[in-house]
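Letters go in sequence order (proteins before strands), and every chain restarts at 1.
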2 protein chains.
Amino acid sequence: MAPRTRNNPLALAVLALLWERPMHPYEMSMTLRERRKDESVRLNFGSLYSVVDSLVKHGLIEAASTEREGNRPTRTVYRLTDAGATEAVDWLSDLLRTPVKEFPQFEAALSFLPLLGPDDVARLLRMRIAALQLNVTTVDTAREQARAQGLPSVFVLEADYDSALLHAELDFVVGLEASITDGTLEGVAMWRELHARASGSASGRLEPEELAEALAPYFTPEGAAPPTA
Amino acid sequence: MAPRTRNNPLALAVLALLWERPMHPYEMSMTLRERRKDESVRLNFGSLYSVVDSLVKHGLIEAASTEREGNRPTRTVYRLTDAGATEAVDWLSDLLRTPVKEFPQFEAALSFLPLLGPDDVARLLRMRIAALQLNVTTVDTAREQARAQGLPSVFVLEADYDSALLHAELDFVVGLEASITDGTLEGVAMWRELHARASGSASGRLEPEELAEALAPYFTPEGAAPPTA
DNA sequence: TCCCGAATGCTCGAACCAGAGTATATCTCG
DNA sequence: CGAGATATACTCTGGTTCGAGCATTCGGGA
């Protein structure tokens with residue numbers, strides 16, 4: 001048997017839910033929604049069913065019964081196996097112990113920022129700031145609501161984490177926007193000049209050569225020799 | 001033609017690289033490595049070649065020539081099309097303007113934390129803290145090195161962002177570990193009791209019923225009625 | 001009574017991705 | 001000077017993921 005790769009955390013969610021009681025897939029998805037776990041784990045129907053199949057194939061869960069209510073499609077109810085319980089604990093422990101490298105899309109965007117001009121970037125970042133502020137209030141009111149319901153913090157730590165990351169991103173973006181706008185970001189002058197020339201050109205876009213030349217001193221073919229002063 | 005989905009940021013990286021000059025796929029991957037962009041964009045060979053194919057199919061890049069050196073496999077050199085340049089700018093703008101929901105694995109883990117006992121969790125978090133501290137120093141020395149090479153900050157913003165997120169996570173985890181250990185986290189008493197009973201049981205693991213009962217007051221079938229005091 | 005829309009519960013295909021595998025060329029080091 | 005390590009440059013395969021689509025049932029209003 002293929003030695004299971006732990007790629008989709010939705011599988012962990014399934015194991016965790018079945019820990020409580022046997023369920024059929026649709027019920028799992030509804031339960032995850034009800035508990036807002038779909039904010040922390042990517043949930044979509046197609047993936048859910050294939051994840052369940054894969055868990056069955058690896059003996060971590062098993063069909064407990066198939067039932068039907070009225071004339072609806074039959075539902076298969078699954079239960080956790082011993083191997084599944086062990087796997088849940090192991091996997092969860094691993095995730096807590098060892099940070100995994102993530103690739104946020106915004107980070108990718110930052111990598112290629114110089115393609116756009118500084119003024120455009122600053123404008124876009126201001127829009128991002130507004131959106132982030134909205135997200136912050138959304139998350140924070142959701143947290144308050146959970147507290148008001150008497151749900152102890154232990155059960156909503158994921159929201160706290162989310163909030164912490166959101167605030168960190170917001171701070172970063174605010175600082176970045178400011179440093180571009182007021183020109184204190186190192187290299188912004190060169191960046192601006194590059195695009196000033198470009199906007200005079202036919203396309204209005206940065207010309208390939210310009211960018212290549214600007215980068216050349218730092219990334220020579222021989223490998224990042226520092227530009228001699 | 002299928003209206004291209006913007007899922008893999010590696011495609012954006014390809015567009016950005018070809019903006020500078022035509023390249024063949026292997027050269028792209030090496031350039032990304034050299035510039036450390038593989039820290040911000042998930043790069044692997046298999047994906048690179050399929051991403052390139054897909055971009056060709058959608059007319060965003062095109063084969064410029066095929067060449068061979070000595071007896072090596074032939075290389076196809078690609079160049080950016082006008083449509084590709086537009087797409088790069090649009091996509092990049094979108095990524096900067098609009099935050100996209102990410103699903104960090106650690107957040108998923110936090111969602112299912114109560115499966116483990118508080119002492120185990122605290123121990124695992126202490127290991128995570130050590131690992132995160134190591135990552136922080138790694139990222140920060142890399143940044144300093146880049147600065148020492150004279151590379152202006154505009155070209156390494158992604159590292160700054162990474163560092164900001166890392167610090168935020170570190171702070172969060174340190175706080176969480178402390179609040180579990182000293183018992184100030186709300187609900188930790190109940191959590192501890194749950195597992196104290198479990199460890200006396202045959203399996204040494206939390207019994208399904210225990211967890212279900214603990215959760216029941218907050219997530220009733222009718223939908224999250226607050227437990228009446 | 002009958003139709004609309006929401007909820008229930010799953011199926012399917014196409015795209016996507018990861019990473020091992022392949023094959024040659026060059027470099028290195030005793 | 002030969003053998004292994006490293007670099008070059010893909011190719012293949014099989015699993016994963018997405019999201020639209022399908023089929024049924026139920027409740028509620030005209």
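For the pair Y26(A) OH and dT24(D) C1', the interatomic distance rounds to 12 Å; values are reported in whole Å. Protein atom CG of L48(A) is 16 Å distant from nucleotide atom P of dC12(C), rounded to whole Å. Whole-Å rounding puts the R75(B) CZ to dA7(D) P distance at 17 Å. For R33(A) and dA6(C), the CZ to C1' distance is 14 Å, given to the nearest whole Å. As rounded to whole Å, 18 Å separates atom P of dC16(C) from atom CG of N8(A). As rounded to whole Å, 10 Å separates atom P of dC16(C) from atom CG of L55(B). Per the geometry, CD belonging to E27(A) stands 11 Å off P belonging to dT8(C), to the nearest Å. Rounded to an integer number of Å, the gap from CG of D53(B) to C1' of dT11(D) is 11 Å.
Of the listed nucleotides (dC16(C), dG19(C), dG9(C)), dG19(C) has the atom at the smallest distance from the side chain of N44(B). Among the nucleotides dA18(C), dC17(C), dT16(D), the one closest to the side chain of N7(B) is dC17(C). In the set dC18(D), dC10(D), dC10(C), the nucleotide with an atom closest to the side chain of R42(A) is dC18(D). When the nucleotides dT11(D), dC17(C), dT17(D) are ranked by their closest atom to the side chain of S50(A), dT17(D) comes out on top.
Atom CZ of R128(A) is separated from atom CG of L95(B) by 8.0 Å, given to the nearest 0.5 angstrom. Rounding to the nearest 0.5 angstrom, the gap separating the CZ atom in R42(A) from the NZ atom in K101(B) is 9.0 Å.
Not a single donor-acceptor pair under 3.5 Å links the side chain of S111(A) to the backbone N or O of E158(B).
At least one side-chain nitrogen or oxygen of S47(A) sits closer than 4.0 Å to the OP1 or OP2 atom of dC18(D). Regarding contacts with the backbone of dG15(D), every side-chain N or O of S54(A) stays at 4.0 angstrom or more from both OP1 and OP2. When the side-chain nitrogen and oxygen atoms of H24(B) are compared with OP1 and OP2 of dC10(D), one or more of them lie within a distance under 4.0 Å.
In D53(B), the CG atom is crowded: over 12 heavy atoms of neighbouring residues, nucleotides or ligands sit closer than 6.0 Å. Heavy atoms from other residues, nucleotides or ligands lying under 6.0 Å from CZ of R147(B) number 12 at most.
Comparing F45(B) and V51(B), the nucleotide of DNA chain C nearest to each residue sits closer to the 5' end for V51(B). Where G46(B) and M30(B) each meet DNA chain D at their nearest nucleotide, the meeting point lying more 5' is that of M30(B).
Listed by chain and number, the residues in a salt bridge (Lys or Arg N to Asp or Glu O under 4.0 Å) with E102(B) amount to none (sequence neighbours excluded).
The only member of L125(B), D171(B), L166(B) that meets side-chain contact (heavy atoms from CB on, under 4.5 Å) when paired with L132(B) is L166(B).
Each end of the helix from dT1(C)-dA30(D) to dG30(C)-dC1(D) gets its own axis from five base pairs, and the two axes differ in direction by 10°, given to 10 degrees.
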